[in-house]
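Worksheet for the structure shown next.
Counting starts at 1 for both ligands and their atoms, following the listed order. Only this structure's heavy atoms are used, side chains among them; waters, hydrogens and symmetry mates stay out.
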Amino acid sequence: MQVNIALLPGDGIGPEVTASAVKVLQKIGEISGHSFAFQKQLIGGCAIDAHGTALTDETIQICQQSDAVFLGAVGGPKWDDPNATVRPERGLLKLRKALDVFANLRPVSVFPQLAEASPLKPEKLEGVDLLVVRELTGGLYFGEPKGRSIVDGVETAVDTLRYNANEIRRVVELAFQLAKDRSKKVTSVDKANVLESSRLWRKITAEVAANHPEVTLENMLVDTASMRLIQNPADIDVLVTSNMFGDILTDEASVLSGSMGLLPSASLGQGGPGLYEPIHGSAPDIAGKGIANPMGAILSAALMLRYSLNLPEEGVRVESAVRKVIETGNRTVDLGGKLGTAQITGLVLSAL
Ligand code: NAD
Ligand code: IPM
Ligand code: MN
């Protein structure tokens, strides 16, 4: 099979970790007889430098015509001016919207051998295996109006938190479908005691739940959820939530696994190419040093094999190789070890 992947390494450590994932995919191709063609494109700060915009229409088109899109990370201090009219992150948001990938799956699991890399007590981490389903194309990130103006002589900024019933239903429905193959429990996280959009979220979620009697629904306020994730993380299985809450809670959840650098994600819509990226950012503090942990990117490639390329066995192979490397005690710097990106990637390739 010939597979066409749009490759958007982005900024900072983005190119470093995507290079590792590409090597892993090429190896999987050799092993399984499939051929992966990568079409490399700019996104984020590097695209601003080259084209004055964080994502060109041509790149969007190439992504839309691909079988899947693989992305590193965008952003960095160079483009962080609070008065800038173009920002790297804008490119990523535009891409998610253009691909209509409304559901962002962020699995969080704990390798028992890495328990010591987490600040939590090891017994708290036993049995932790959760799947966060984050709404990705709506909510506070996209609501209109947004912008800056002078109101009554005072500089003022507006963001709008807006959801309609359809946007809520489709992502919650997916969470319930996914829960059927897991522990049959969905935790829906909102702020329904304060936000109108959360009260609509809760109403629609109850309607979806009524159609899935075999799955238990638990509603949880986001402040409580942020505490529970640390206090009793093993009690949560599938967690579905809005765009902003999902962003924050998954960085928090990454602490359970031991490092931001470990967590992958898959962004899916209704048909069309999926978007795959680690959950971490461009990590300017370590960019260019060759020490970024590539596992989040490599595990994102495994999700791509499974969800977009219909190669689930190859996806399992990649995940097993990562597990084997970690089980045998190999650690990158973020996990307290000494290995660099190239070395740990080499070990994953050998394990494959
Ligand atoms: P970050 O995720 O880039 O880094 C947070 C911390 O985690 C840093 O100390 C970093 O060194 C560490 N870290 C992250 N990934 C790692 C890896 N693979 N291996 C080892 N350590 C890793 O968050 P930040 O520093 O707040 O943001 C930097 C830039 O990245 C900002 O411009 C932000 O907007 C952007 N960002 C982009 C994405 C994305 O493209 N999907 C995601 C998050 C942040
Ligand atoms: C992420 C990032 C992005 C987000 C930013 C860079 C737009 O933090 O992918 O988690 O908030 O969605
Ligand atoms: Mn984030």
Quiz item: Would a 4.5 Å heavy-atom cut-off, applied to side chains only, mark Leu125 and Ser118 as touching?
Solution: yes
Is it true that, when you exclude [X] itself, more than 12 heavy atoms of the residues, nucleotides or ligands shown sit nearer than 6.0 Å to its [atom1]?
| X | atom1 | result |
| --- | --- | --- |
| Lys203 | NZ | no |
| Lys40 | NZ | no |
| Glu313 | CD | no |
| Arg162 | CZ | no |
| Arg331 | CZ | yes |

Self-check item: Inter-residue atom distance Glu30.CD - Leu25.CG, 0.5 Å rounding
Solution: 11.5 Å
Exercise. Mind jotting down which residue pairs meet the ring pair (Phe, Tyr, Trp, His ring centres under 6.0 Å) criterion with at least one end in residues 221-267? Sequence neighbours excluded, please.
Key: none
Exercise. Mind jotting down which protein residues get a heavy-atom contact under 4.0 Å with ligand 1? Chain and number order, please.
Key: Ile13, Ala73, Val74, Gly75, Gly76, Glu89, Leu92, Met260, Gly261, Glu277, Ile279, His280, Gly281, Ser282, Ala283, Pro284, Asp285, Ile286, Ala292, Asn293, Asp334
Practice problem: Take Ser267 and Asn104 through the side-chain hydrogen bond (donor to acceptor under 3.5 Å, both in side chains) test and state the conclusion after the steps. | Solution: CA-CA 4 Å; Ser267 303; Asn104 180 220; 3.0 Å; yes
As a test of reading the model: which N/O atoms of the protein lie under 3.5 Å from N/O atoms of ligand 2, and at what distance?
unit_1	atom_1	unit_2	atom_2	d
ligand 2	8 (O)	Asp247	OD1	3.3
ligand 2	9 (O)	Arg96	NH2	2.7
ligand 2	9 (O)	Arg106	NH2	3.2
ligand 2	10 (O)	Arg106	NH2	3.0
ligand 2	10 (O)	Asp247	OD1	2.9
ligand 2	11 (O)	Tyr141	OH	2.6
ligand 2	12 (O)	Arg96	NH1	2.7
ligand 2	12 (O)	Arg134	NH1	3.2
ligand 2	12 (O)	Arg134	NH2	2.8

Quiz item: Where the side chain of Thr156 meets the backbone of Val154, is there a donor-acceptor pair that is under 3.5 Å apart?
Solution: yes
Practice problem: Provide the protein N, O or S atoms situated under 2.8 Å from the Mn ion (ligand 3); waters are not included. | Solution: Asp247 OD1
Practice problem: Look at Glu218 together with Arg228 and state whether they make a salt bridge at an N to O cut-off of under 4.0 Å. | Solution: no
Quiz item: So, Lys78 and Asp11, do they make that salt bridge, N to O below 4.0 Å?
Solution: no
Quiz item: Going by the angle between their ring planes, with limits at 30° and 60°, are His212 and Phe176 parallel, tilted or perpendicular?
Solution: parallel
